[in-house]
Amino acid sequence: MNDGQARGAAPEDITGLGPRQVFHSAEHVALEVPIAGPTSRILAYAIDSVCVSLLLAGLFAAGIFLVGPFAEKVLEWLGPLAVELQNTTDPEAQTNRMLWLAAGLALVQFAGEWVYFIVLELVTGGRSIGKALIGLRVCRDGGLPVTPVAVIVRNLLRIVDVLP
């Protein structure tokens with residue numbers, strides 16, 4: 001690192017190891033930390049997506065066994081309204097039911113993914129299963145470990161990643 005380079009700026013890649021971030025410790029020791037590229041991030045997210053899908057499939061299967069008896073009680077409580085909702089032949093009502101089901105499943109998927117990342121990143125110091133397998137971790141500026149607030153905010157903003 002030359003004298004004209006800003007503190008914390010990525011140095012030129014003369015080693016062929018990819019971009020690196022330089023941090024200075026309290027003892028003025030320069031620490032070089034590699035910056036994850038898009039390929040490793042995508043691969044880690046793909047592994048995490050498989051894990052989230054398996055988790056949600058397991059919860060769905062367990063939910064069928066647990067909610068089944070409860071759903072029968074709800075249908076009994078709704079009485080004639082439940083019969084009308086089940087036996088309707090109106091295409092618009094059927095479409096609305098499917099849209100509500102799709103919206104509910106999307107919310108469950110988002111909540112499952114959100115909980116998966118928050119819990120794992122809090123418990124393992126910034127690593128999910130995919131990040132751990134690829135060798136990545138989430139850290140704050142300066143290479144410091146993430147705080148619980150930072151993990152929650154980071155994952156709340158995850159929804160922005162899927163916006164067009």
side-chain contact (heavy atoms from CB on, under 4.5 Å) partners of L120, counting only residues at least two apart: Y116, S128, I129
Is V149 linked to L157 within one hydrophobic cluster, defined over Ile, Leu, Val, Met, Phe, Trp and Tyr using a side-chain heavy-atom separation of less than 4.5 Å? yes
Can you give me the closest heavy-atom contact between I152 and W114, atom names plus distance? O-NE1, 4.3 Å
In one Ile/Leu/Val/Met/Phe/Trp/Tyr side-chain cluster, 4.5 Å: V115, V151: yes
Taking only residues two or more places apart in sequence or in another chain, which ones pass side-chain hydrogen bond (donor to acceptor under 3.5 Å, both in side chains) with R41? none
When rounded to the nearest 0.5 angstrom, what is the spacing between CG in L55 and CD in E113? 11.0 Å
Check the surroundings of atom CZ in F60: do more than 12 heavy atoms from other residues, nucleotides or ligands lie under 6.0 Å from it? no
Same apolar cluster (I L V M F W Y, side chains within < 4.5 Å links), I134/I42: no
Restricting to non-hydrogen atoms, name the atom on V108 and the atom on L56 that form the minimum distance, rounded to 0.1 Å. O-CD2, 4.1 Å
Identify the two heavy atoms, one from G125 and one from R137, that lie closest to each other, and give their separation to 0.1 Å. O-CD, 4.3 Å
Return the CG to CD1 distance between L133 and I47, rounded to the nearest 0.5 Å. 5.0 Å
Strictly distance-based, threshold 3.5 Å: is any side-chain N or O of R140 a donor or acceptor partner for the main-chain N or O of V146? no
Under the side-chain contact (heavy atoms from CB on, under 4.5 Å) test, which residues partner S49, sequence neighbours left out? Y45
In terms of hydrophobic clusters joined by side-chain contacts under 4.5 Å, are F117 and L54 together? no
